[in-house]
Amino acid sequence: MGATTIVTRFAPSPTGHLHLGHVHSAAFAWRHARRAGGRFLLRIEDIDPTRCRPEFTESILEDLAWLGLDWDGPVRVQSAHLGDYRTTLDALSARDLLYPCFCTRADIAREVAASASAPHGPDGPLYPGTCRRLSPAERADRMARGEPHALRLDMRTALAALTAPLSFEEEGKGRLRCDPAHFGDVVLARKDVPASYHLCVTHDDALQGVTLVTRGEDLKPATDLHRLLQTLMGWPEPHYAHHLLLTDEGGRRLAKRDRAATIRDLRRSGVGAAEVLRRAGVVPPASDLP
Ligand code: GLU
């Protein structure tokens, strides 16, 4: 990446204790930074108050420190920055790229079931666009009445605003084309939280100067949408390195609910940090290990 200092990050959501899959991901980002003499950041993606808990944040910090996966600078905790995300939403709204959506999950499920061919995207069935068709007067009226609403990206308008096709640079693979239309009118601000994963992750990667986004390949489809948001907002384009997901001997993905694999449990049962890293698929050269 030329003279640019490499900046990577690990961005867990504190919905549980760290498991081996997380360690694999954290070490992947840590090594990419440390090998290049770059910076490794830690960000806590905790905007969902129903699923995230402060004690899990504490436990994540403690486990990473115990493993020797040290991070640079302060930890960014997303829930403390909702105003930043609001500013981004306002900028997109000012360009008519967002609209309020009053639909409940049941409304959407009904519409989808009634339609002959409901297209699906990476996050499930695409939103059928019900609230995109509301008149400005009805929108204003329902908002004035305080009706709960999400904010959705108007995908067609967003794509029409582009001047060139979207792509991203995947380490080792070269440039890959993006097709964000697969997400349809994706939610950028939820009803219960004035933000969303896609909005916050792209905002923060730009704000924190992340040059190489590393994460599991399960999130690779999201990169298409992230490149769209970056382009709409005029944010810099990071490179990407999506890694394989860690699986057990049976080939099953290690899930958070797999208690046996939490780092906390391994530590308590006397397993050392080097052995945890080994089980997380962090293969030496030893010089790379903490
Ligand atoms: N917070 C996301 C997660 O825990 C990861 C975000 C990312 O790396 O882009 O799945």
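Atoms within a ligand are numbered from 1 in the order they appear, just like the ligands themselves.
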Looking at every non-hydrogen atom in both residues, tell me the closest pair between Q230 and E237 and how far apart they are. OE1-CA, 4.4 Å
Quick check on Y197 - does any of its heavy atoms sit under 4.0 Å from an atom of ligand 1? yes
Any donor-acceptor N or O pair under 3.5 Å, side chains S93, D90: no
Any donor-acceptor pair under 3.5 Å linking the side-chain atoms of R9 with those of Q208? no
So, regarding V201 and ligand 1 (criterion: nitrogen or oxygen to nitrogen or oxygen, under 3.5 Å), is there a contact or not? no
Polar side-chain atom of S25 near backbone of G21 as donor-acceptor pair, under 3.5 Å: no
Between E45, H242, R215, flag the one that comes closest to atom 6 (C) of ligand 1 by a heavy atom. E45
Check each heavy atom of R9 against ligand 1 and say whether those closer than 4.0 Å belong to the side chain, the backbone, both or neither. side chain
